[in-house]
Number of protein chains: 2
Amino acid sequence: MASVAGIVEDNKKIRDLIQRYLDMQDDLSCPVAVDSVEEMIDYLEEHPAPDVILMDIQLPGMSGIKGIGLIKEKYPDIEIIMLTVYHDSHKIFKALRAGASGYLLKHTSLPEIKESILKLLDGGAPMSPQIARKVITHFQDDSAKKNAESDLTPREHDIVNGLVDGLSYKMIADRYDISIDTVRAHIRNIYKKLHVNSKAEVIAKSLKGEI
Amino acid sequence: MASVAGIVEDNKKIRDLIQRYLDMQDDLSCPVAVDSVEEMIDYLEEHPAPDVILMDIQLPGMSGIKGIGLIKEKYPDIEIIMLTVYHDSHKIFKALRAGASGYLLKHTSLPEIKESILKLLDGGAPMSPQIARKVITHFQDDSAKKNAESDLTPREHDIVNGLVDGLSYKMIADRYDISIDTVRAHIRNIYKKLHVNSKAEVIAKSLKGEI
DNA sequence: TCGACAATCACATGATCATGTGAGATCACT
DNA sequence: AGTGATCTCACATGATCATGTGATTGTCGA
């Protein structure tokens with residue numbers, strides 16, 4: 001069954017180009033291409049919802065980012081791909097947080113746009129490589145702050161993993177085929193190294209990436 | 001000028017296949033393909049550094065994630081692409097935080113791997129669509145977690161927060177000025193709702209964003 | 001007004017944990 | 001040969017937790 005796409009883009013040339021291209025595909029149709037979020041919302045109230053909407057950020061009237069929120073709120077099943085010239089981190093993250101499932105730069109070729117739509121509907125998340133790079137860098141900055149190294153031995157790491165999995169001493173002992181007293185001994189040492197004194201704190205530290 | 005790639009992968013078949021494919025490209029060479037991080041580090045000490053290294057996570061000896069850290073520390077200019085079967089969020093984010101610049105699943109085709117290397121060296125960041133999806137979802141969860149539905153009542157959330165802070169029942173009772181038996185009662189209900197039966201599991205769920 | 005649910009508290013018991021003390025085995029490095 | 005780190009195991013005790021079985025109060029909506 002052909003999937004249905006919609007477009008919100010204020011540049012008529014680009015809008016028409018994409019719409020015509022998508023609409024001529026066997027596995028896609030594109031019955032709606034408008035130049036503002038407001039028009040798209042009007043359209044959605046009177047027509048069946050498309051599977052995916054390509055959306056610009058810079059638009060007359062409501063911004064595309066605000067539009068994501070509105071549309072996702074009323075029609076959570078519609079997937080939204082941002083298609084824009086902006087590649088600054090601020091706008092990218094705002095769009096993703098608002099609910100966009102993909103983020104393509106405007107120089108993306110028509111066949112790539114088509115591929116992106118299909119990938120998205122197949123459970124993927126299309127991103128231009130430059131965008132992906134920024135997203136990843138963001139991750140790395142996030143955690144490079146707290147680089148608390150902890151010197152746990154391999155065996156101690158095993159034990160920590162057991163704790164994180166919610167296992168009791170006995171279950172950990174069984175998993176690694178050692179005595180429960182050995183588990184106790186390891187945990188004692190782990191507590192000393194991490195300066196904690198409960199399973200809970202170890203699990204918390206581990207899941208916060210501090211181990 | 002042809003770019004230089006290296007491979008760390010313990011499955012000889014896969015390793016050889018990728019190496020031969022990359023090495024036969026005009027714009028790439030792949031002079032080194034080893035089956036452990038340790039060997040790659042030895043290699044790096046005696047040869048010019050490659051531009052990019054493809055790395056598995058599950059390896060004999062040191063894990064690929066630890067390997068990322070070591071290699072990026074000594075050779076920060078080497079780009080690293082994870083190439084693995086793991087698609088659970090935990091491993092993905094750990095790898096990205098450790099310094100990986102791309103993350104591909106192992107079913108990626110040889111031409112796609114090549115494309116990914118070239119894109120990476122061109123400033124992009126290759127990710128399998130499924131991976132990109134998880135990364136994006138992570139963003140969305142981050143900001144909209146207040147609304148994340150969990151049948152827990154406000155008071156029960158308080159108790160969970162206490163647990164996450166590593167408090168004992170008594171300390172939680174003091175913090176909220178209620179009886180320890182009330183804390184017990186709440187925790188009983190929380191366990192029922194979350195289908196768990198230990199503090200550890202509640203903390204894990206909470207920190208994983210599942211509450 | 002009646003039921004559903006949230007929040008509070010109590011008593012009880014067996015399981016699990018935290019901690020102390022001690023010790024043998026292996027391996028690496030000096 | 002000796003030192004140190006790691007991993008292993010044992011015994012013991014008081015603290016904390018998990019779970020069962022109650023009960024009272026207040027709020028909210030049917």
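Within every chain, numbering begins at 1; the chains are lettered A, B, ... in the order of the sequence lines, protein sequences first and strands thereafter.
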To the nearest angstrom, the NE2-P distance between A:H195 and C:dA18 comes to 17 Å

Contact check, residues 165-186 of chain A vs DNA chain D, heavy-atom distance under 4.0 Å, returns A:I178, A:S179, A:D181, A:T182, A:R184, A:A185, A:H186

So the side-chain hydrogen bond (donor to acceptor under 3.5 Å, both in side chains) pairs with at least one residue in residues 173-185 of chain A (sequence neighbours excluded) are A:D165-A:R175, A:K170-A:D174, A:D181-A:R184

From NZ of A:K192 across to P of D:dT6 the rounded distance in Å is 13 Å

So salt bridge (charged side-chain N to carboxylate O under 4.0 Å, His left out) across residues 17-29 of chain B, not counting sequence neighbours, yields B:D27-B:K114

Under 3.5 Å, N/O pairs linking protein and nucleotides 28-30 of chain D:
none

Rounded to whole Å, CG of A:L194 lies from P of C:dA18 at a distance of 13 Å

Quiz prompt | Below 4.0 Å: OP1/OP2 of D:dA5 and any side-chain N or O of A:R155 | solution = no

The ring pair (Phe, Tyr, Trp, His ring centres under 6.0 Å) partners of A:Y191 (sequence neighbours excluded) come to none

For B:I78 and B:P50 the tightest heavy-atom approach is CG1-O, 3.5 Å

note: B:R188, atom CZ; C:dT8, atom P; distance rounded to Å ~ 14 Å

In this structure, OG of A:S101 is separated from CD1 of A:I53 (nearest 0.5 Å) by 11.5 Å

In whole angstroms, the gap separating C1' of D:dA5 from CG of A:N189 amounts to 10 Å

Taken to the nearest whole Å, CD1/B:I190 to P/C:dA6 is 12 Å

Correct closest heavy-atom pair for A:M82 and A:A95 would be CG-CB, 3.8 Å

field: Short side-chain N/O contact to D:dC17 OP1/OP2 from B:S198, under 4.0 Å
entry: no

Next on the checklist: For C:dT19 and A:N197 - does any side-chain N or O of the residue sit under 4.0 Å from the phosphate oxygens OP1/OP2?
Outcome noted: yes

Applying side-chain contact (heavy atoms from CB on, under 4.5 Å) to B:L17 and not counting sequence neighbours gives B:L110

Contacts satisfying salt bridge (charged side-chain N to carboxylate O under 4.0 Å, His left out) that involve residues 76-85 of chain B (not counting sequence neighbours) are A:R133-B:E79

Can you give me every donor-acceptor pair (side chain of residues 37-44 of chain A, partner residue at least two apart or in another chain, under 3.5 Å) with its distance?
{"residue": "A:E38", "atom": "OE2", "partner": "A:M62", "partner atom": "N", "Å": "3.1"}
{"residue": "A:E39", "atom": "OE2", "partner": "A:S36", "partner atom": "OG", "Å": "3.3"}

Whole-Å distance, A:K199 NZ to C:dA18 P, equals 7 Å

Give the table of side-chain donor-acceptor pairs shorter than 3.5 Å for residues 3-10 of chain A, with sequence neighbours excluded, one pair per line with atom names and distance.
{"residue": "A:E9", "atom": "OE1", "partner": "A:K106", "partner atom": "NZ", "Å": "3.1"}
{"residue": "A:E9", "atom": "OE2", "partner": "A:N11", "partner atom": "N", "Å": "2.9"}
{"residue": "A:E9", "atom": "OE2", "partner": "A:K106", "partner atom": "NZ", "Å": "3.4"}

Rounded to 10°, the helix from C:dT1-D:dA30 to C:dT30-D:dA1 deviates from straight, judged by its five-pair end axes, by 50°

- Are any of B:Y191's side-chain N or O atoms less than 4.0 Å away from OP1 or OP2 of D:dT19? no

In whole angstroms, the gap separating C1' of C:dC5 from CG of B:L152 amounts to 14 Å

Residue set satisfying salt bridge (Lys or Arg N to Asp or Glu O under 4.0 Å) with B:E46, at least two apart, ordered chain then number -> none

For B:D158, the salt bridge (Lys or Arg N to Asp or Glu O under 4.0 Å) test, sequence neighbours excluded, returns B:R155

